[in-house]
J.: 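Take this structure first; my questions come after.
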Amino acid sequence: MNINIDNLQAEEFRLQQLANYLFGQSRASVGTSPSGIRLPDTGNVVNMKAPQTALPDPHFPSGGSGATDLAKLSTLSQLPIFDYMQYHQDYYFLKDRPVAQLPEMGNFPVDVLRKEFPILQEYVNGRPLVWLDNAATTQKPSCVIERISQFYRKENSNIHRAAHQLAARATDAYESARESVRSFINAGSSNEIVFVRGTTEGINLVAYTLGAGYLKSGDQVLISNLEHHANIVPWQQLRERIGIELVVIPVDDSGQIDMEAYKNLLTSKVKLVSFVQVSNALGTITPAKKMIQWAHAAGAKVLLDGAQSVSHMPIDLQELKPDFFVFSGHKVFGPTGIGVLYIQNDTLDELPAWQGGGNMIRDVRFDNTTYQNGHARFEAGTGNIADAVGLGAALEFLRTIGMHSIAAYEHQLLLYATEKLKQVPGLEIIGKAADKASVLSFTLADFSNESVGKHLDEHGIAVRTGHHCAQPILRRFGQETTVRPSLAFYNTKEEIDWLQDALFKLISQR
């Protein structure tokens, strides 16, 4: 079957518009229609059945009532997007099966998926690009690139409170992306999803708002020795500002959380535990569910940093039950400059507003301002609308592949890469926890990490060298920097072989 991927997003937009019409889902002109209904969480007014637009839109059938019309549904299957989905139906990874039942590594359609990433066709120094810097940022599939382009070509507008068609399109696209996020991480409500610039901004938002009343001088915040600087510095700043105590959970010699030490640290003084689900420097997967349960039993709230986990494993927040969860779009095959802060509903309205401006207010007077409830209170001003839409496309792309399948394939790839690197003389892997995601930090005897990275780049292989914004955990293992190859589902065994071969060539030059 010949699939025109270039037209896929345009047809997907038509499908979304038709679905909006059939099911009355448009959030187009919030605040414009006196005949609309009031949304309980935001207080905005929206006409759910007939968005008030200034210009006719050929994508919207005229005369719609918003009620489901089963006869019209039959026409949807004629759209190319359904051809595309049917094309993929034969792939096992659309089946929601436990990891243990997935086929072997060789059956994962990595060659098909690699074709969706244009940059993987690039050459560096005359050699095919081998992208092994995924923990720093992931590459973007065509559907994300095209979705952002389509937004600027066809939908660009500010969202909410407008009476024209482009505002209707932009608002629907933005709020549909919020729903895609909710579904991807299995949050209880889209009201719990706040769009931010990334993980760093999300953690800073939590630190600022908790420090405005919930946390007081003498209260303890627990973080682990594994943390990225983004989950260290904001708490240090809060310590300087209000006098909290910052306590570090140690790790054992494998790089895993010392759970006995953690249990002993959970006293009544602890008000927040903030830790990473997957270490960006070592790849350690922390026992997040148990850690969250223990923290809650001790009366503390929990912030879980998912920056390195969302692209490697299924996330179910209704099972994990953190109070906060953060991740960045660019680490999960989406755009830069967009991220997500999940705030559990019971905590949402306890927090004060963060930034002030448009969109986060109900009413402004010179003597008093009242704020929105829910996520809207934390989205002041014009947000990164286009990149939020691009993030939604990235998550839908991953949903099509299946996160269980991605996790299974990457785990086998990690095992293969670990064995290959162990065969390199003088190479020491830093971080040997039993539960690891796709990170392989190492040092190579007699070579500086910078020289290793430069040599690999000469062979078209992109890795990260440095402290990875995680200096405390590297120093725990006696290192200041490491070389860090990191894997994604579009990487292959052949690329690992090239990495090993390049390292052998470097050693032979010695």
Side-chain angles (χ1 to χ4, degrees), residues 27 29-32 38-46 156-162 167 170-171 174-175 177-178 181 187 189-217 221 230-231 233-244 272 274 301 303 323-329 336-389 391:
R27 292 150 291 218
S29 52
V30 175
T32 63
R38 183 166 296 278
L39 299 179
D41 291 328
T42 66
N44 289 326
V45 175
V46 55
N156 184 46
S157 169
N158 213 323
I159 55 175
H160 304 147
R161 289 177 297 282
T171 302
Y174 188 70
E175 296 301 335
R178 194 189 307 276
V181 172
S189 166
S190 60
N191 185 51
E192 299 172 312
I193 305 303
V194 179
F195 284 123
V196 290
R197 288 187 302 145
T199 300
T200 298
E201 184 172 79
I203 295 173
N204 275 272
L205 190 160
V206 174
Y208 178 88
T209 54
L210 290 182
Y214 173 76
L215 293 172
K216 298 178 176 60
S217 178
V221 172
N231 200 24
V233 178
W235 307 113
Q236 292 175 330
Q237 293 175 330
L238 194 60
R239 179 177 61 192
E240 295 168 3
R241 193 163 73 244
I242 68 171
I244 64 163
L272 177 74
S274 186
K301 293 184 181 297
L303 185 155
D323 300 278
F324 308 95
F325 182 79
V326 287
F327 69 91
S328 300
T336 58
I338 190 69
V340 169
L341 167 62
Y342 159 88
I343 308 176
Q344 201 273 335
N345 255 331
D346 291 342
T347 303
L348 258 174
D349 292 329
E350 297 176 1
L351 301 178
W354 184 39
Q355 296 176 323
N359 201 54
M360 50 79 71
I361 50 85
R362 284 179 178 270
D363 184 71
V364 176
R365 302 173 187 271
F366 284 116
D367 60 345
N368 184 55
T369 293
T370 56
Y371 304 126
Q372 297 278 19
N373 293 325
H375 70 263
R377 189 164 70 261
F378 302 104
E379 293 183 5
T382 298
N384 191 351
I385 303 167
D387 288 333
V389 173
L391 173 59

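Keep in mind that the numbers below use all heavy atoms, side chains included, and drop hydrogens, waters and symmetry copies. Heads up: numbering here begins at 1 and tracks the sequence.
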J.: Minimum heavy-atom separation for K301 and T347, please, with both atom names.
T.: NZ-OG1, 3.5 Å

J.: For the residue pair R377 and P352, what are the closest heavy atoms and their distance?
T.: NE-C, 4.2 Å

J.: Taking the side chain as everything from C-beta on, heavy atoms only, tell me whether R178 gets closer than 4.5 Å to V340.
T.: no

J.: Going by heavy atoms in the side chains, are T171 and H160 under 4.5 Å from each other?
T.: yes

J.: How long is the span from the CD1 atom in I343 to the OG atom in S189, to the nearest 0.5 Å?
T.: 12.0 Å

J.: What verdict does the side chain to side chain contact (heavy atoms under 4.5 Å, CB included) test give for Q237 and N204, after you've listed the backbone C-alpha separation in whole Å, the side-chain angles of each residue and the deciding distance to 0.1 Å?
T.: CA-CA 10 Å; Q237 293 175 330; N204 275 272; 4.1 Å; yes

J.: How long is the gap from CD on E379 to CD1 on I159, to the nearest 0.5 Å?
T.: 7.0 Å

J.: So, does D387 use its side chain to make a donor-acceptor pair with the main chain of G337 at under 3.5 Å?
T.: no

J.: Can you tell if the side chain of N158 reaches within under 4.5 Å of the side chain of I385, non-hydrogen atoms only?
T.: yes

J.: Determine the minimum heavy-atom distance between Y342 and I193, stating which atoms define it.
T.: CD1-CD1, 4.3 Å

J.: Is any side-chain heavy atom of W235 less than 4.5 Å from a side-chain heavy atom of V206?
T.: yes

J.: Per the side-chain contact (heavy atoms from CB on, under 4.5 Å) rule, which among N231, V326, L341 passes with T199?
T.: V326

J.: Ignoring hydrogens, what is the shortest heavy-atom contact between P234 and A207? Give both atom names and the distance.
T.: CB-CB, 4.1 Å

J.: Any heavy-atom pair between the side chains of R362 and N373 that's under 4.5 Å?
T.: yes

J.: Roughly how far apart are L210 CG and D323 CG, rounded to 0.5 Å?
T.: 9.0 Å

J.: Quick check: do Y214 and L351 have side-chain heavy atoms less than 4.5 Å from each other?
T.: no

J.: Does a side-chain heavy-atom distance below 4.5 Å link E192 with Q344?
T.: yes

J.: Could you check if a side-chain atom of I242 sits within less than 4.5 angstrom of a side-chain atom of S217, using non-hydrogen atoms only?
T.: no

J.: Does the pair Y208 and Q355 meet the rule for a side chain to side chain contact (heavy atoms under 4.5 Å, CB included), with working shown?
T.: CA-CA 10 Å; Y208 178 88; Q355 296 176 323; over 6 Å; no

J.: On a heavy-atom basis, which atom in N191 and which in G374 lie closest, and how many Å separate them?
T.: OD1-CA, 3.4 Å

J.: I need the minimum non-hydrogen distance between A380 and G356, along with the two atoms involved.
T.: CB-C, 4.1 Å

J.: Run F195 and V181 through side chain to side chain contact (heavy atoms under 4.5 Å, CB included) and show every step you take.
T.: CA-CA 10 Å; F195 284 123; V181 172; 4.1 Å; yes

